[in-house]
2 protein chains.
Amino acid sequence: MAGTTKSDLKDVARSAGVSIATVSRVINGEAVVKEATRLAVNAAIKKLGYRPNRAAQRLRSTHRSRKLIGLLIPDIHNPYYIDIISGIDAYASAHGATIIIGDFSQDARRERIYIDTLRSESVDGCIVATTPRTEKYVESLIGEGFPVVCIDRELKNLITDVVKSDNETGAFAATEHLIKLGHKRIAHIAGDLQIPTSHERIAGYRAAHQQYKLRVDEGLIISKHSNYESGVELAAQVLKMKKRPTAIFTGNNLLTLGVLEVLHGQGVKIPQEIAIVGFDDMYWANSLNPALTAVRQFGYEIGHQAIELLFKRIEAPQRPPVSHIVNTQLMIRKSCGTKS
Amino acid sequence: MAGTTKSDLKDVARSAGVSIATVSRVINGEAVVKEATRLAVNAAIKKLGYRPNRAAQRLRSTHRSRKLIGLLIPDIHNPYYIDIISGIDAYASAHGATIIIGDFSQDARRERIYIDTLRSESVDGCIVATTPRTEKYVESLIGEGFPVVCIDRELKNLITDVVKSDNETGAFAATEHLIKLGHKRIAHIAGDLQIPTSHERIAGYRAAHQQYKLRVDEGLIISKHSNYESGVELAAQVLKMKKRPTAIFTGNNLLTLGVLEVLHGQGVKIPQEIAIVGFDDMYWANSLNPALTAVRQFGYEIGHQAIELLFKRIEAPQRPPVSHIVNTQLMIRKSCGTKS
DNA sequence: CGTTAAAATGTAAACGTTTTCAAACATATG
DNA sequence: CATATGTTTGAAAACGTTTACATTTTAACG
């Protein structure tokens, strides 16, 4: 029967008739303790329902404490970020670090609360995918000497470690794929224009047009936010265009899914009536019908590199910031049809 | 320029020419400190790159206001768990609590490492979805008096707080839907049989058959693991059956996606050749083609209730355990066709 | 039995904070 | 100027452990 009031080492020691040092030794199992006393102490521990105070243990222990890493993610529902989290988590748990995740789902207030929380839990460093809203906040964090690694996008006013995909090249490949298949009117449903990533992808879309001597119809580049709902809304807009595009290139996976809902809902045949290629692959891209052709970002790899960088920065706060650009890969499946 | 060696309150105090008490007050922002000294102290903090030791803070602080909650999730790639996390996270951040997430992706070793980590970070309690492998471990945790709330499934040998879906009723509704549509040979691709949840869903499947006086063909209930790959493997198996079923009921969303990959890959028409209903809805169920009919679990709600329960248990460790059963809802879309 | 080494235990000093209490200082009042 | 009142500060005692060091007990041996 565990006791109801929390007890001390001292209580246990008294109850077992030994000193607190002995109790400590029993608990840590290190030093040689006489069998009889060990039994007595363990009995006392059980009787009192004693549990060591981790904070105190941690404070006193010489053993280097485990690292605590904060993670700020804009939207945990986005499969891409899940991959990133996996990558970070795998490395962290392999190195005895713990991660605290903050998903601030498009909510500025919560985002700030989280940053404060991270600070008050005194994490050793954090990995963030900033939004325009939190940029200043994160910058001030760095100003305080806080180790931070950015993923997905860099900060405007500050040079930091950053790990991101090669968005422009990825978007180029997607668009090029469509062009080579003979498409001339390709709509681009882009993500939120406040996010640099969106612009990089638009740039890739433009570059492909330029390379293949195709004029970009500015009216074909549309955007609102980066979420599912915007995909729905903008897809409807595309379908209503007087000269309907023969293909759509979507700026991220949430937009892709929203677009697909509309296309299927209206019975538009893919790829016969409209081809589609999305930025962001999904592990279940083959479960879509038709299987989705998409630009794969190596989220796991990005997460892995980010935390590796963060560890290095924690060790050496003064080291010059680096940026890692991770390649993307066009996964060709069925949603764009075939050449012949 | 942040210092490179870690510094004390004492160091800061010396550098700012005040006592450690004053520095502490500045840091906690509570007591009234003269503006001039506050500035001086903050300057010293910045200069030395000082960061408080959270173990010491925790140890000394009486009003340990912010709770630290551990979360043990079997697979962060499963959208259902993401919903649960969202629910927990929302409540937590509204109550100034922080959550530490451990995704142990089907890996027993990491699972144990995580439990140890949670313990050493001195979390105030945790929410777990146990796997057969970790059950004993979690039980011993509870034995130590650790506040734990289970989601999805209860423990075998111990009564705890638990929040879960009404699996049997949900599975019943899905199967009944199929039966009412005229299906008589319904395959059930179940999840891992080591997980109680799988059995509850199978029970629902059976109950529907019984209610409608249909014999259950045991050969139609197949299972392996609960993941995507098993969905792929078992779907292929279904397609090869001599008397091919006219419908499939899948035991969870990963299985559903795996099954869809195979069905689409082989050009099987849904729902004309085979109807499908899945356990677990997904926010992009409408992006599938045809839109997926599925049993919705209210993951967000489950997460919310779980953490509420956990808070209560932390406050009152001796309160009798309760279990909350959350209803499910059959979301009828297009993957089963219509009656007429 | 006396001596010595080894084993087991105890004492007390950390660990880095917060917090109580009292002292010092400032300001206003008579 | 003395006193009262408030505002800032500092000294030192916690918090619950681990651990270096000292001490006691036990075992071993001649």
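All chains are named by letter (A, B, ...) in the order of the sequence lines, taking the proteins before the strands, and each is independently numbered beginning at 1. Since the model is a prediction, treat every value here as computed from it, not as a measurement.
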Participant: Counting only heavy atoms from other residues, nucleotides and ligands, does the tally under 6.0 Å from CD1 of Ile159(A) exceed 12?
Facilitator: no
Participant: Using atom CZ of Arg14(B) as one end and atom C1' of dG16(C) as the other, report the distance to the nearest whole Å.
Facilitator: 14 Å
Participant: Separation of Leu9(A) atom CG from dG10(C) atom P, in whole Å?
Facilitator: 13 Å
Participant: So how far is it from Asp152(B) CG to Ile195(B) CD1, rounded to the nearest 0.5 Å?
Facilitator: 8.5 Å
Participant: Once you round it to whole Å, what is the distance between P of dT18(C) and CG of Leu59(B)?
Facilitator: 11 Å
Participant: Counting side-chain heavy atoms from C-beta on, which of dT17(C), dT9(D), dG10(C) comes nearest to Tyr50(B)?
Facilitator: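 Comparing dT17(C), dT9(D), dG10(C) against the side chain of Tyr50(B), the answer is dT17(C).
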Participant: In terms of side-chain heavy atoms of Thr37(A), which of dT18(D), dG16(D), dT9(C) is nearest?
Facilitator: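 Selected nucleotide: dT9(C).
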Participant: Tell me what Ile20(A) touches on the nucleic acid: a base, only sugar-phosphate, or nothing, going by heavy atoms under 4.0 Å.
Facilitator: base
Participant: Asn53(A) side chain: which of dT18(D), dG16(D), dT17(C) is closest?
Facilitator: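 Nearest to the side-chain atoms of Asn53(A), counting from C-beta on, is dG16(D).
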Participant: Name the closest nucleotide to the Asp8(B) side chain, picking from dT18(D), dT17(D), dT17(C).
Facilitator: dT17(C)
Participant: Ignoring hydrogens and geometry beyond distance, is the side chain of Arg60(B) in donor-acceptor contact with the base of dG16(D) at under 3.5 Å?
Facilitator: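 Counting by modelled atom types and ignoring angles, no donor-acceptor contact under 3.5 Å is found here.
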Participant: Using side chain to side chain contact (heavy atoms under 4.5 Å, CB included) as the criterion, point out the one residue from Val326(B), Ile88(B), Ile307(B), Asp83(B) that pairs with Ile302(B).
Facilitator: Val326(B)
Participant: Over how many whole Å does the gap from Lys34(B) atom NZ to dT27(C) atom C1' extend?
Facilitator: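 For the pair Lys34(B) NZ and dT27(C) C1', the rounded distance is 13 Å.
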Participant: Using a 4.0 Å heavy-atom cut-off across all strands, classify Thr22(A) as base, sugar-phosphate, or nothing.
Facilitator: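 Contact class for Thr22(A): sugar-phosphate only.
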Participant: Rounded to the Å, how far apart are Lys10(A) NZ and dG10(C) P?
Facilitator: 16 Å
Participant: I want to confirm an ordering. Mapping Gly17(B) and Ala56(A) to their closest nucleotides on DNA chain D, which one lands closer to the 5' end?
Facilitator: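 It is Gly17(B) whose nearest nucleotide is closer to the 5' end.
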Participant: CG of Asn28(A) versus C1' of dT17(D): gap in Å, rounded?
Facilitator: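 To the nearest whole Å, that distance equals 9 Å.
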Participant: Are the charged groups of Glu154(B) and Lys164(B) less than 4.0 angstrom apart, N to O?
Facilitator: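 Yes, Glu154(B) and Lys164(B) are salt-bridged.
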Participant: May I ask you to evaluate whether Ser19(A) reaches the phosphate of dT11(C), defined as a side-chain N or O under 4.0 Å from OP1 or OP2?
Facilitator: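 Checking dT11(C) against Ser19(A), no side-chain N or O comes under 4.0 Å of OP1 or OP2.
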Participant: When you get a sec, tell me which of dT18(D), dT17(C), dT9(D) is the closest nucleotide to the side chain of Gln57(A)?
Facilitator: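 Out of dT18(D), dT17(C), dT9(D), the nucleotide with an atom closest to Gln57(A)'s side chain is dT18(D).
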Participant: Please give, in whole Å, the distance from dG16(D) P to Arg25(A) CZ?
Facilitator: 20 Å
Participant: Starting at atom CD1 of Ile27(B), determine the distance to atom P of dT19(C), rounded to an integer number of angstrom.
Facilitator: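 These atoms are roughly 12 Å apart.
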Participant: Ignoring backbone atoms, test whether Ser24(A) places a side-chain nitrogen or oxygen under 4.0 Å from the OP1 or OP2 oxygen of dT18(D).
Facilitator: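 So the side chain of Ser24(A) is within the cut-off, an N or O lying under 4.0 Å from OP1 or OP2 of dT18(D).
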Participant: As a test of understanding, state which of Ile84(A), Ile127(A), Ile100(A) forms a side chain to side chain contact (heavy atoms under 4.5 Å, CB included) with Leu71(A).
Facilitator: Ile127(A)
